[in-house]
Protein chains: 4
Amino acid sequence: MAPSDKENQHLRDMRREQILDAAVKVFSRRGVIGTKMSMIAEVAGLSHGLLYHYFKSKDQLFTTLVEFAMEQSHSTMMYVYQLPGSPIEKIKTLTELIFREGNSAYFMLIHQARTSDGVPESAKELIQRHSIKTYVDQLLPLFEEGQRVGEIADGDPQELISCYLTVISGLMLLDTQVNGDYSKPDIDILLRIITVSR
Amino acid sequence: MAPSDKENQHLRDMRREQILDAAVKVFSRRGVIGTKMSMIAEVAGLSHGLLYHYFKSKDQLFTTLVEFAMEQSHSTMMYVYQLPGSPIEKIKTLTELIFREGNSAYFMLIHQARTSDGVPESAKELIQRHSIKTYVDQLLPLFEEGQRVGEIADGDPQELISCYLTVISGLMLLDTQVNGDYSKPDIDILLRIITVSR
Amino acid sequence: MAPSDKENQHLRDMRREQILDAAVKVFSRRGVIGTKMSMIAEVAGLSHGLLYHYFKSKDQLFTTLVEFAMEQSHSTMMYVYQLPGSPIEKIKTLTELIFREGNSAYFMLIHQARTSDGVPESAKELIQRHSIKTYVDQLLPLFEEGQRVGEIADGDPQELISCYLTVISGLMLLDTQVNGDYSKPDIDILLRIITVSR
Amino acid sequence: MAPSDKENQHLRDMRREQILDAAVKVFSRRGVIGTKMSMIAEVAGLSHGLLYHYFKSKDQLFTTLVEFAMEQSHSTMMYVYQLPGSPIEKIKTLTELIFREGNSAYFMLIHQARTSDGVPESAKELIQRHSIKTYVDQLLPLFEEGQRVGEIADGDPQELISCYLTVISGLMLLDTQVNGDYSKPDIDILLRIITVSR
DNA sequence: TATGAATGAGAATTCATTCAT
DNA sequence: AATGAATGAATTCTCATTCAT
């Protein structure tokens, strides 16, 4: 007797997740070209043939991940407004969230997508619609508020945000390395970039 | 008439240089696996066959570049002590130097070497001997001096250097992208990470 | 309640038929290599897994069809003797029968079997036992009769039959194409090949 | 010293020819899907890798052949007008030419292109622009002349040509088989299709 | 019996490297 | 020294076949 549709769907969802998980790990460290489907299969613990039951091609798998990463990063950003505390406390918590294990892979993925060559056009377009400007706009109200209450340094808030995000992005990139020689800097020190000193 | 040995040697040196120049450019953007020998040959303006008269293999070419990059970065660091001005002025100038066009390629190269897989063992070993700790040690006297004269913030100077270098490394990485969405942050803002505010 | 053996057997026979029908259609247009088991399954309206309950392999399925095609074509030929009318009228009706929808698939199948490579040895042997010579022999009495009554042109009757069958075979082949650019020629014109003109 | 450009070009031309020759043979018998690049390489007597120095892909190789085949068939048709003799003599010679060794491969190729599935769109378009109608138009003046001088049977000349060409095409297809069971029919018998009997 | 998930052998294509010229 | 033709190992992707349910 054939397994029920429901069981089957469940299985498919599990597998899909399993593959996506493995794929972020590998793509983020090795880029599109450097990633072999067989590696993803191995990390996911299944045969390479099976990958193609779930994703049409390496490109499509990658693009799916990029889409997901973009969504994730935006909702992480928006989440800041639900956090408790003063603006600077919110930003600190946000930074911690971003640095938290698991997020760097997505940053790296987006970086890979921006810089690499083997990247499918679909992924590139996706990314162009989500430039850093988008994030700056998302955070603008928070920074303006911070400046109003005197927690955040004076100056063009957009430049401040851009600078802060850029530094964070750079750190995320570095973070992806396996036998990391770098360690993530202390967040309080990083915050000096945007804070007013007493 | 056969060219003299000297002329010949000169020609060889030119070619070697030409190839190395092309290779940094390509490797830094595309990683080891993503770089095809034919791309390097094209950028260098010669046939791919000729590369093999100068470098045994792609791996050896890459390793040679990494060696060179390590030397470069160390001498750039040491150069700081020959710069004029107060400690913080020296650090600012050093930062500008590092950010200057052409250096990011070497940073990226080292990053590639650290993270990628196609990287020959020889290059990996080379890099492990030049961890960030080495750079920290190089800059330690300067930062201590800076703290003494009250230009640099208090706290563990090693952590401060490490943080600063890590941020800079991250920015160099980001910088390698072609149609960059990111722009390099203002150096004065970055310096807030290590400076004492008035 | 378990279905009776009889019902079960009936179901099996239905399924088998269903699969064979789908298979001729697909094989005849796409050849052995070009045909995927999943295509046959789709056309037959069942899962590809099920095909293997009825046929050991793609090869066996194909061979079964070839066997069937050979039998069909022979009995079609023999049927000519049961047709009413003079020899030439019989031949005309036979030709119409052969051209009738559904028969070309079998011709194509045999052609595929003759020419293709993915073809199992078993099918090839089968075909070699049924060369055109066999058909010529089947039709010989009819043609001789035709010559006797002056309806069919003089000359070696075997060559005449062979020529006629060859032309027909060629036309059947052409016919298999989907968006056919060719249309089947008028039978009366074709008959000129073998008839005496008044 | 590098080989001169001229030598090189010559070599390239030779190789290209060599590959195309091998490719017609294999494609015509096995279709696009059934043909493996390695087979072509083997028949041509070189490595499969080299094929890709001369043709971007299997598809492109196939399309190149189809283009060539179309040109060939058209110029063969037009050649009829340069042949000596009465209309029917011209047609007989033309038929012989078409049947001559080497031409059937091209017919088969076009047939493959029309019917198969693995066929690249580019090849399909090419073929749609060269339907049988084109050939009919090319031969129309000749057949009309034949009817005028009483050598060719009455009736719609376009239908007559179409019928004749269709029969010939079918025969060409059959002809491609290796251990041919069919033999090409006598041309004089075939001509009965279009001629007036005395 | 019926399904479709899973496997893995095999084919197309790429590219580092060699080598004749 | 210089070129680019030639090779073949490695990689992506397809699909016949198996098998758990």
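Per chain, numbering begins at 1; letters A, B, ... match sequence-line order. These numbers were taken from a predicted model, which means no experiment stands behind them.
Taking 4.5 Å as the limit, every side-chain heavy atom of C:Asp21 sits out of range of all side-chain heavy atoms of C:Val43. Between B:Arg16 and B:Thr64, the closest side-chain pair of non-hydrogen atoms falls below 4.5 Å. Taking 4.5 Å as the limit, every side-chain heavy atom of C:Glu17 sits out of range of all side-chain heavy atoms of C:Asp13. Contact of the D:Tyr54 side chain with the D:Leu61 side chain is not registered, since no non-hydrogen atoms from C-beta on lie closer than 4.5 Å. Side-chain contact check for A:Leu46 versus A:His53: every heavy-atom pair is 4.5 Å or farther apart. At a threshold of 4.5 Å between non-hydrogen side-chain atoms, the residues B:Met39 and B:Arg30 count as touching.
Comparing A:Thr35 and D:Leu46 against DNA chain F, the residue whose closest nucleotide sits nearer the 5' end is D:Leu46. Residue order along DNA chain E, read from the 5' end via each residue's closest nucleotide, puts D:Met37 first among B:Ser57 and D:Met37. Nearer the 5' end of DNA chain F, as judged by each residue's closest nucleotide, is the contact made by D:Tyr54, out of A:Lys56 and D:Tyr54.
Considering only side-chain N and O atoms, D:Tyr52 lies nowhere under 4.0 angstrom from the phosphate OP1 or OP2 of E:dT14. Phosphate proximity of F:dA5 to D:Arg12: present, with a side-chain N or O under 4.0 Å from OP1 or OP2.
Taking a 6.0 Å sphere around CD of D:Glu67, one finds it holds more than 12 heavy atoms contributed by other residues, nucleotides or ligands.
Rounded to an integer number of Å, the gap from B:Leu61 CG to E:dT17 P is 10 Å. Summarising the geometry, the separation between CG on B:Leu51 and P on E:dA16 is reported as 10 Å, rounded to the nearest angstrom. The distance from atom CZ of D:Arg16 to atom P of F:dA6 is 14 Å, rounded to the nearest whole Å. For the pair A:Lys6 NZ and F:dT21 P, the computed distance is 19 Å after rounding to whole Å. In this structure, A:Asp5 atom CG and E:dG4 atom P are separated by 7 Å, rounded to whole Å. For A:Phe55 and F:dT12, the CZ to C1' distance is 16 Å, given to the nearest whole Å. Distance CD (C:Gln18) to C1' (E:dA2): 12 Å, rounded to an integer number of Å. For the pair B:Ile19 CD1 and F:dA1 C1', the computed distance is 12 Å after rounding to whole Å.
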Taking N or O atoms only and anything under 3.5 Å, show me the protein contacts with nucleotides 8-10 of chain F, one pair per line.
unit_1	atom_1	unit_2	atom_2	d
F:dA9	N6	D:His48	NE2	3.0

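Here the NZ-CE distance, from C:Lys58 to C:Met37, works out to 7.5 Å after rounding to the nearest 0.5 Å.
For DNA chain E, runs of at least 3 consecutive pairs of the Watson-Crick or G-U wobble type, with both hydrogen-bonding distances under 3.5 angstrom, map to E:2-21 with F:2-21.
At a cut-off of 3.5 Å, with distance as the only test, no side-chain donor of C:Gln9 or C:Arg12 sits close to an acceptor on the other residue.
Between A:Phe62 and A:Phe55, the ring centre distance reaches or exceeds 6.0 Å.
A:Leu11 comes within 4.0 angstrom of sugar-phosphate atoms only, judged by non-hydrogen atoms across all strands, and of no base.
Comparing atom distances between the D:Asn8 side chain and each of E:dT13, F:dA5, F:dT17 picks out F:dA5 as nearest.
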